[in-house]
Amino acid sequence: MKTSIIVQNLKCGGCASTITNKLSEISNVSDIEIDVETNKVTFTFQDETDAIAVKDKLKRIGYPSVEEENSLTSKAKSFVSCATGKFSN
């Protein structure tokens with residue numbers, strides 16, 4: 001199955017790189033696409049628990065979905081994730 005999540009704090013290619021790397025670590029998740037313009041993370045998964053794992057991972061690294069609170073902590077985490085993504089390229 002394929003789905004998309006609209007996230008907050010997605011600003012650039014560094015963010016996209018970090019998100020792709022982190023989501024690639026989740027079993028049964030593949031075909032990860034990041035659209036920085038629309039803040040959309042699209043991926044293929046096998047069952048609902050995989051999709052929930054993606055949403056949880058995004059929140060933990062600072063990119064909560066648009067339905068969730070975007071706390072100062074989330075913003076700070078996304079800043080660090082973004083910088084990490086820029087330097088790992």
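Across all non-hydrogen atoms, the minimal contact from Glu68 to Gln8 is O-NE2, 2.9 Å. Here the closest heavy-atom approach between residue Gly62 and residue Ser78 is recorded as O-CB, 3.1 Å. Contact record, Ala16 with Leu10: N-CD1, 4.0 Å, taken as the closest heavy-atom pair. Residue Asp50 comes nearest to Ser27 through the heavy atom pair OD1-O, 3.7 Å, listed as atom of the first residue, atom of the second, then distance. Residue Pro64 comes nearest to Asn70 through the heavy atom pair CG-OD1, 4.0 Å, listed as atom of the first residue, atom of the second, then distance. Nearest heavy atom pair, residue Val36 against residue Gly13, reads CG2-N, 4.5 Å.
Once rounded to the nearest 0.5 Å, the distance linking OG of Ser4 with CG of Asn39 reads 12.0 Å. Of the inter-residue distances, the one linking Ile19 atom CD1 with Ser24 atom OG reads 11.5 Å to the nearest 0.5 angstrom. We find the CZ-OG distance between Phe45 and Ser30 to be 10.5 Å, quoted to the nearest 0.5 Å. In this structure, Ile52 CD1 and Lys57 NZ are separated by 15.5 Å, a value rounded to the nearest 0.5 Å. Rounding to the nearest 0.5 angstrom, the gap separating the OG atom in Ser74 from the CG atom in Leu58 is 11.0 Å. For the atom pair Cys12 SG and Ile34 CD1, the distance stands at 12.0 Å (nearest 0.5 Å).
Remark: of the listed residues Thr18, Val41, Ile61, Val41 is the sole one forming a side-chain contact (heavy atoms from CB on, under 4.5 Å) with Leu23.
The pair Lys2-Glu33 meets the salt-bridge criterion, since a charged nitrogen lies less than 4.0 angstrom from a carboxylate oxygen.
Crowding of Glu25 atom CD: a count of heavy atoms from other residues, nucleotides or ligands under 6.0 Å exceeding 12. Crowding of Lys40 atom NZ: a count of heavy atoms from other residues, nucleotides or ligands under 6.0 Å not exceeding 12.
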Give the C-alpha distance, both sets of side-chain angles, the deciding distance and a yes or no for salt bridge (Lys or Arg N to Asp or Glu O under 4.0 Å) between Lys55 and Glu67. CA-CA 11 Å; Lys55 194 172 180 180; Glu67 302 92 32; 3.5 Å; yes
Between Thr3 and Phe43, is a side-chain contact (heavy atoms from CB on, under 4.5 Å) present by the stated rule, with each step listed? CA-CA 6 Å; Thr3 192; Phe43 57 95; 3.4 Å; yes
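Val66 belongs to a hydrophobic cluster whose other members, connected by ILVMFWY side-chain contacts under 4.5 Å either directly or through intermediates, are Ile6.
Residues satisfying the ring pair (Phe, Tyr, Trp, His ring centres under 6.0 Å) criterion with Tyr63, sequence neighbours excluded, are absent altogether.
Neither Leu72 nor Phe79 shares a network with the other; the hydrophobic side chains, linked directly or stepwise wherever heavy atoms of I, L, V, M, F, W or Y lie under 4.5 Å apart, form separate groups for each.
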